[in-house]
Amino acid sequence: MPRRQFATYTSVLTVAMIAFILGFPFLLFALARAIHCAPDTCGALGLVFGLYGRMLGALIFGIAMLVAIFARCRRAGLSSWWVVASLFWLLAARDALMAGLNFWGVGFSLGILSFRWPITLILFFVFVTFLSLWKGSDENGSEPPPRSWKIAQASAALSGIISAVMSIPLFVTLGWIGGLRLISPQSAIMTIQYSLYLRIGTQFVTLTTVLWLLLFMFTGALIHILVSQGRANLQVPPTRFSRMDS
């Protein structure tokens, strides 16, 4: 997929998803008014429609974005591992995509007990923005600086691993819904929250703290790559007359 087409495609998808999330409470309200549900059945209706309706929208958005990222990475000569990292970034941001501005019972049924900053979703859109601006091998773009590129790859890999760990409760929830009830989603969430942290003196370094650090590293490395490529594109090649004068 060409860079400009990728930028347009992902921009339209992002705007559509934002509009879908912001307008979802109004959809629930309109549905409840349309079918004239009783007070004791509106809650069940909100849970079912809020769960499966939002899940369908998030699924369509995620698949469409991942297909676009795969097509752009393949065209630009990037590894397919970037698609895997993008997948786990989206899965770790399920609380914002699924439970944000939704019926309260949806978050509880999915094991989402609290909201936090969607850091992995920010990582995802930082990478999408980078793909929209960076000229790959298909446009004869300059090679990224090795050090910045290694920092970007390392921070993406680490954040992808953390996102995969944070997505374990989602897989547990799906297994619980499918009848595989080895551990409850709430227990999985508590185990991750209380086990995966580093204590330094009286301070605790949590997954969120590490993700913020990786986000700054990732964003800084990609900005440096874009700036370096912009400077390389501004360099005017010597003409025949300039070579004769020298």
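By convention here, the first residue in the shown sequence is residue 1.
Between A85 and A156, the shortest heavy-atom contact is CB-O, 4.3 Å. Considering every non-hydrogen atom in both S148 and A221, the closest pair reads O-CB, 3.4 Å.
I225 and V227 fall into different hydrophobic clusters, where Ile, Leu, Val, Met, Phe, Trp and Tyr are joined by side-chain heavy atoms under 4.5 Å apart, directly or via other members. Placement of W117 and M217 within a single hydrophobic cluster is found when ILVMFWY residues are connected by side-chain heavy-atom separations under 4.5 Å, directly or transitively. Put simply, L59 and V67 are part of the same group of oily side chains (I, L, V, M, F, W, Y) that touch within less than 4.5 Å, one to the next. There is a path of hydrophobic side-chain contacts, each under 4.5 Å, that joins F218 to F216. Put simply, L215 and L90 are part of the same group of oily side chains (I, L, V, M, F, W, Y) that touch within less than 4.5 Å, one to the next.
For residues 53-76, the set of pairs meeting the ring-ring contact (aromatic ring centres under 6.0 Å, His included) definition, not counting sequence neighbours, is empty. Note on residues 58-80: pairs passing side chain to side chain donor-acceptor pair (under 3.5 Å), not counting sequence neighbours, are R72-D138.
By the 4.5 Å heavy-atom criterion applied to side chains, F6 and I69 are counted as neighbours. Contact annotation: the side chain of S159 never approaches that of T120 to less than 4.5 Å [non-hydrogen atoms, C-beta and beyond]. Taking the side chain as every heavy atom from C-beta outward, P144 and Q229 never approach each other to under 4.5 Å.
Between L66 atom CG and S86 atom OG the span is 6.5 Å, to the nearest 0.5 Å. Here the CG atom belonging to L214 is positioned 11.0 Å from the OG1 atom belonging to T209, to the nearest 0.5 angstrom. One finds the CE atom of M1 at 10.0 Å from the OG1 atom of T8 (value rounded to the nearest 0.5 Å).
When the options L123, L121, L211 are evaluated for a side chain to side chain contact (heavy atoms under 4.5 Å, CB included) with W89, the one that passes is L123.
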List the atom pairs, with distances to 0.1 Å, where a side-chain N or O of residues 125-135 and a protein N or O form a donor-acceptor pair under 3.5 Å, not counting sequence neighbours.
residue, atom, partner, partner atom, Å
T129, OG1, F125, O, 2.7
S132, OG, V128, O, 2.9

Give the table of side-chain donor-acceptor pairs shorter than 3.5 Å for residues 12-21, with sequence neighbours excluded, one pair per line with atom names and distance.
residue, atom, partner, partner atom, Å
T14, OG1, T10, O, 2.7

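When the shell of 6.0 Å around CD of E139 is examined, it contains more than 12 heavy atoms from other residues, nucleotides or ligands.
At least one donor-acceptor pair closer than 3.5 Å links the side chain of S155 to the backbone N or O of A152.
F124 pairs by the ring-ring contact (aromatic ring centres under 6.0 Å, His included) definition with nothing, not counting sequence neighbours. Taking the ring-ring contact (aromatic ring centres under 6.0 Å, His included) definition, one finds that W81 meets it with nothing, sequence neighbours left out.
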So W82 and Q153, side chain to side chain contact (heavy atoms under 4.5 Å, CB included) or not? Walk me through it.
CA-CA 9 Å; W82 288 103; Q153 289 178 318; 3.9 Å; yes
